[in-house]
Protein chains: 2
Amino acid sequence: MEIMTNSEENYIKGIYHLSQGGQHSIATSALAEKMDTKPSSVTDMIKRLSEKELLHYKKYQGVRLTEKGTAQALRVIRKHRLWEVFLVDKLGFAWDEVHDIAEQLEHIESEMLVDRLDALLNFPDFDPHGDPIPDKNGRFKTREKKLLSAMLPGSSGICVGVKDSSSQFLKFLDKHQIELGKPIEILELESFDRSMHIKIGDRKLQISHQIAANLYVKPKPE
Amino acid sequence: MEIMTNSEENYIKGIYHLSQGGQHSIATSALAEKMDTKPSSVTDMIKRLSEKELLHYKKYQGVRLTEKGTAQALRVIRKHRLWEVFLVDKLGFAWDEVHDIAEQLEHIESEMLVDRLDALLNFPDFDPHGDPIPDKNGRFKTREKKLLSAMLPGSSGICVGVKDSSSQFLKFLDKHQIELGKPIEILELESFDRSMHIKIGDRKLQISHQIAANLYVKPKPE
DNA sequence: ATAAAAATTTAGACAAATCTAAAAATATGT
DNA sequence: ACATATTTTTAGATTTGTCTAAATTTTTAT
Ligand SMILES: [Mn+2]
Ligand SMILES: [Mn+2]
Ligand SMILES: [Mn+2]
Ligand SMILES: [Mn+2]
């Protein structure tokens, strides 16, 4: 494991996240968008990362992480999510306040620190946004989850994650007491605007399609 | 408070520490030594910091922190020492293992994070090495302390700090069960090699001058 | 199939932080 | 006081990461 700069780590993480969208290879422009930078800068960085064998690159063909690159991405993601849990559980931050701080903390280098933090937090499987936390070998729990918007009236489940984790969306959920872990039931779907009547916990409310399209639910079997 | 790079913060901190040695102004060469870099690099950085009004600089005359520079140094030192307390108290690190990790953590930017960490740790006044932790206004407790080597036979006090905080020295102290907070009594001084017979806690032992010259003691009055 | 559009790469520049080698200023010793 | 030694600064180069503008390749549309 050679040393990586913060910027290199951020690119690798960005590529990893884009790869979760199912694409075989990630386009320069997509990565530029993700990293909030110019395609020319991405090309430069891609060459360095390819040199270090963290990704596969053929000119004009986009990139794909190597095994080594994937492992590195998972290490950074592990740190990011563990720090988020720390900030929420130990320092009382709200779930919409932790991302930017975790963006900095994820680059702190010390395997011992990460593993002890993991232990302090009781080896959490998921972060405050419902995303899985890789263990020290890069393995993580997966669980069945569907977007609420993809569920049918009459079905039910448990609220387990968010797709959009912007502060605005998270605060909106707070305001309506929509929390991870709560049972959720789809009562009715308005075909006109696709808004949904749901029961969350023991309260009923109506939410727009945009909200339903950003909430993950673990469906109850049957 | 404009943004500072990690490197700028490290220089400011280095200058602050050298200034504690009493000098009116800090020489380029002294700072180069401290920062483990070349004098020419120091000159470059000094110009940038002077531009930002963090220090006073006249060519060939060395540097001195401005008010603003001092405040900035204290903010970084506060973070460094709070993180050291966190690592020891909450993650169970030994006092000789925390410095390098704190060197990284001290650059994390978030006033809220620092203040909440401070609260989690119960607003500690001193770090694991006995150094004072500035509060959010940059104020810190001072306490009377003398090098053990400067104390006379028959006098006594409490062990409150280390001058050398290298891992080797700290491990040496661990091995001989010399811990901060323990009462210490000077029994006899060998004039030949200045080694000391002391009682620490309830054990007697003999230590070399080099050890005594790196241990701080709060002397008992009278 | 070719021309136009879009995506990607290259070329050249810049800021931060470092280095080596050379020049300039300051300090020291007789 | 003046030559020598030491310290400090300057000049020029390098690495990382970014940018703009131009060139090149790929994709899309007619
Ligand atoms: Mn996050
Ligand atoms: Mn998260
Ligand atoms: Mn330290
Ligand atoms: Mn310390």
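To find a chain, count down the sequence lines: A is the first, B the second, and so on, and within it residues start at 1. No experiment lies behind these values; they were computed from the predicted model shown.
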**Prompt:** Among C:dT8, D:dT18, C:dC19, which nucleotide sits nearest the side chain of A:Ala27?
**Reply:** C:dT8

**Asked** Within the structure shown, what part of the strands sits under 4.0 Å from B:Lys58 by heavy-atom distance: base, sugar-phosphate, or nothing?
**Response** nothing

**Message:** Whether the side chain of B:Ser40 and the base of C:dT18 hold a donor-acceptor pair under 3.5 Å is what I'd like checked.
**Reply:** no

**Message:** In this structure, how many angstroms lie between the C1' atom of D:dT25 and the OH atom of A:Tyr57, rounded?
**Reply:** 11 Å

**Fill in**
Note, DNA chain C 5' to 3' with Watson-Crick or G-U pairs under 3.5 Å encoded as ( ), [ ], | and . gives ||||||||||||||||||||||||||||||

**Message:** Measuring to OP1 and OP2 of C:dT10, would you say a side-chain N or O of A:Lys59 lies under 4.0 angstrom away?
**Reply:** yes

**Item:** Any side-chain heavy-atom pair of A:Asn10 and A:Met35 under 4.5 Å
**Value:** yes

**Protein-nucleotide distance (A:Tyr60, atom OH; C:dT9, atom C1'), rounded to Å** = 4 Å

**Fill in**
Heavy-atom nearest nucleotide on DNA chain D taken for B:Thr43 and for A:Thr5; more 5' hit belongs to B:Thr43

**Asked** Which comes earlier along DNA chain D counting from the 5' end, the contact point of A:Ser41 or that of A:Lys52, where each point is its nearest nucleotide?
**Response** A:Lys52

**Message:** Counting only side-chain nitrogens and oxygens, does A:Lys38 get under 4.0 Å of the OP1 or OP2 atom of D:dA21?
**Reply:** no

**Asked** Can you tell me how far C1' of D:dC19 sits from CG of A:Asp36, to the nearest Å?
**Response** 13 Å

**Message:** Tell me the interatomic distance from A:Gln61, atom CD, to C:dT8, atom P, rounded to whole angstroms.
**Reply:** 10 Å

**Distance, rounded to the nearest Å, where A:Leu31 contributes CG and C:dT8 contributes P** = 10 Å

**Item:** Between C:dA16 (C1') and B:Glu51 (CD): distance, integer Å
**Value:** 15 Å

**Request:** Consider the side chain of B:Asp44, meaning its heavy atoms from C-beta on, and name the nucleotide among C:dT10, C:dC19, D:dT9 that approaches it most closely.
**Result:** C:dC19

**Asked** Crowded around B:Lys68 NZ? As in, over 12 foreign heavy atoms under 6.0 Å?
**Response** yes

**Request:** Compare the minimum distances between each of C:dT9, C:dC19, C:dT8 and the side chain of B:Thr37, then state the nucleotide with the smallest one.
**Result:** C:dC19

**Message:** I want to know whether B:His129 and B:His99 have ring centres closer than 6.0 Å.
**Reply:** no

**Item:** B:Glu106 and its side-chain contact (heavy atoms from CB on, under 4.5 Å) partner, picked from B:Val76, B:Asn6, B:Ile101
**Value:** B:Val76

**Asked** Heavy-atom count around A:Gln20 CD within 6.0 Å, excluding the residue itself: above 12?
**Response** yes

**Item:** Separation of atom CZ in A:Arg48 from atom P in C:dT9, rounded to whole Å
**Value:** 14 Å

**Message:** Can you tell me whether the side chain of A:Ser29 and the base of C:dT8 have a donor-acceptor pair closer than 3.5 Å?
**Reply:** no

**Nearest heavy atoms of B:Phe126 and B:Val85, plus distance in Å** = O-CG2, 3.8 Å

**Message:** Looking at B:Glu190, I want to see if its CD is surrounded by more than 12 non-hydrogen atoms of other residues, nucleotides or ligands under 6.0 Å.
**Reply:** yes

**Asked** Between A:Lys141 and A:Asp135, is there a side-chain N and carboxylate O pair less than 4.0 Å apart?
**Response** no

**Asked** Rounded to whole angstrom units, what separation is found between the CG atom of B:Asn6 and the C1' atom of C:dA16?
**Response** 12 Å

